[in-house]
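Shown next, in structure tokens, is the structure this report addresses.
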There are 2 protein chains.
Amino acid sequence: MSERDNTEAETPAKSVLVLDAARALFIEHGFGATSMDAIAARAGVSKATVYAHYASKQALFAATTQRECRRVHERMALPQDVTGLPLAQALSTIGHAFLQAILSAQNLTLLRMVAAELPRFPELGTIFYDSAPGRTLASVRAYLEQARAHGLIGDCDCALVAAQFLGALRGDLQIRALLGITPAVADIDAVVDEAVALFVTRYAVVTPAEGGR
Amino acid sequence: MSERDNTEAETPAKSVLVLDAARALFIEHGFGATSMDAIAARAGVSKATVYAHYASKQALFAATTQRECRRVHERMALPQDVTGLPLAQALSTIGHAFLQAILSAQNLTLLRMVAAELPRFPELGTIFYDSAPGRTLASVRAYLEQARAHGLIGDCDCALVAAQFLGALRGDLQIRALLGITPAVADIDAVVDEAVALFVTRYAVVTPAEGGR
DNA sequence: GTCTATATGAAGATAGAC
DNA sequence: GTCTATCTTCATATAGAC
């Protein structure tokens, strides 16, 4: 507590070791199949130490999930400012970043964990949604509103369009990945290109060159 | 699920009673939090009887999930033949049926269960996918190929278009519902109309009137 | 096949020394 | 705060009678 920051080698901080171990095991085996013994062993501490920092297995799970949500939240920020780009290029950039994010093992396992324990931790559903998919949706919506203000796209319900653009990108890739059926990476480019073409065709005010293909 | 009646009160079939009880409890509490004692009690049989029919809790879970997949599989069939309809109307019909299906409590809880226990039962992911989302995708793809053959839509990758159409319908509704954030039902019509307009605009060979609304 | 009763073991949580 | 050792509960699975 008192010594929070070390300028050099960061504090091993048992509580963080425990959290890291819990994260790894919850992700790998799920909540039910992960024991506090296993977490303590992996963290290299005793079980009593685990309980000194987290009052129960559920509290540890909640702490793990919320930290993970914060991390995903940070990773979900758009990689660069796409405001200046042409519409198709901006959408393509967004699309690639989005698919990479939602298909990452980190995101998928977190989603699985939260969905799995939703009966036990209902509030985690909202926390996760606001951290990841809701946040991305808000970003894209904001971009579309800006694009509309700049005359790149016509009048539309930007929230709905953003949701459908992200949905078209998802296709069935996300649910397949969620179910453990990993998609061929080669498909990703085709998916993004087609989704971009789809939305440019419908919403773009000026179609600079041609539709997608 | 309340009454499976036989014409002759012959077989209440304990194995089915057990399966029904297991289904209800797994859905309500998940795999980990459901005990064999509870299942036996709910089915009105002894625990030994449960084990006489299902070798283990895992086997019972697998049997429950697979039966549920078969049921969802049947419900997922398109409600009517849309082949004769105009494109926009056919897509609209498909869209409403699809959203109703994926947002149903039955489908969501099953998806949650399968995702939750994926580490323990990896093969259930594929079974569920083929039963529900994969099956719907195949139906829509088949419809699109027929529509293409009839000249309603131009040349395209029907599998990809089907996936993106269903994805646009999903938007973030499915993931929200999965996370326990139930959407306003009023939105559904707007979502379907906009998605139909989107795909008609891009793919229809003849645009009869205008997009959806 | 079905029951009552029980063995077995795992896992969440704690006591008390240091 | 951290450890070793232990307590307690409870769920899976089985034994044996009918």
Side-chain angles (χ1 to χ4, degrees), chain A residues 1-6 9-67 113 116-117 119-121 124, chain B residues 4 6 8-66 113 116-117 119-121 124:
Chain A
M1 297 270 278
S2 53
E3 45 180 342
R4 181 71 60 86
D5 52 353
N6 294 350
E10 55 274 3
T11 326
K14 299 262 165 107
S15 70
V16 174
L17 289 179
V18 170
L19 213 53
D20 289 340
R23 170 188 180 277
L25 292 173
F26 283 144
I27 283 178
E28 190 169 0
H29 304 294
F31 179 83
T34 298
S35 71
M36 293 295 260
D37 289 273
I39 292 171
R42 177 156 187 145
V45 303
S46 75
K47 202 163 42 165
T49 299
V50 174
Y51 279 97
H53 290 275
Y54 304 96
S56 68
K57 185 182 177 184
Q58 295 203 1
L60 177 54
F61 180 79
T64 303
T65 309
Q66 294 189 27
R67 190 187 64 166
M113 268 170 44
E117 300 306 323
R120 228 185 294 239
F121 307 93
L124 285 185
Chain B
R4 311 272 317 149
N6 305 341
E8 352 263 352
E10 176 53 37
T11 335
K14 299 257 166 111
S15 70
V16 174
L17 290 179
V18 171
L19 215 53
D20 289 340
R23 170 188 179 277
L25 291 173
F26 282 143
I27 282 179
E28 190 169 359
H29 304 294
F31 179 82
T34 299
S35 72
M36 294 295 259
D37 289 271
I39 293 170
R42 175 154 186 147
V45 302
S46 76
K47 205 163 36 166
T49 300
V50 174
Y51 279 97
H53 290 276
Y54 303 96
S56 68
K57 185 182 176 183
Q58 295 203 359
L60 177 54
F61 179 80
T64 302
T65 308
Q66 292 188 28
M113 266 170 47
E117 302 306 323
R120 230 185 295 237
F121 306 93
L124 285 184

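Letters A, B, ... are given to chains in the order of the sequence lines, protein chains preceding strands, and every chain is numbered from 1. Treat the numbers as computed from the prediction; the structure is a model and nothing was measured.
- For the salt bridge (charged side-chain N to carboxylate O under 4.0 Å, His left out) condition, the pairs that include at least one residue of residues 24-46 of chain A, sequence neighbours left out, are A:Asp37-A:Lys47.
- The backbone N or O of B:Leu25 lies less than 3.5 Å from a partner atom in the side chain of B:Thr34, making a donor-acceptor pair.
- Between B:Thr49 and C:dC3, a side-chain N or O to OP1/OP2 separation shorter than 4.0 Å is present.
- Rounded to whole Å, the distance from NE2 on A:His29 to C1' on C:dA11 is 15 Å.
- Side-chain nitrogen and oxygen atoms of A:Ser46 include at least one within less than 4.0 Å of the OP1 or OP2 phosphate oxygen of D:dC3.
- Shown here are the salt bridge (Lys or Arg N to Asp or Glu O under 4.0 Å) partners of A:Arg67, two or more places apart in sequence or in another chain: A:Asp20.
- Partners of B:Ala63 by side chain to side chain contact (heavy atoms under 4.5 Å, CB included), not counting sequence neighbours, listed by chain and number: B:Leu19, B:Tyr54.
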How would nucleotides 12-18 of chain C be written as a contact map, 5' to 3', with B for base contact, S for sugar-phosphate-only contact and - for no contact, using protein heavy atoms under 4.0 Å?
BBBB---

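- One can place OH of B:Tyr54 at 16 Å from P of D:dT12, the figure rounded to the nearest angstrom.
- Pairs passing the ring-ring contact (aromatic ring centres under 6.0 Å, His included) check and including a residue from residues 27-51 of chain B, sequence neighbours excluded, read B:Phe26-B:Phe31, B:Phe31-B:Phe61, B:Phe31-B:Phe121.
- Sequence neighbours left out, not one pair with a member in residues 48-66 of chain B passes salt bridge (charged side-chain N to carboxylate O under 4.0 Å, His left out).
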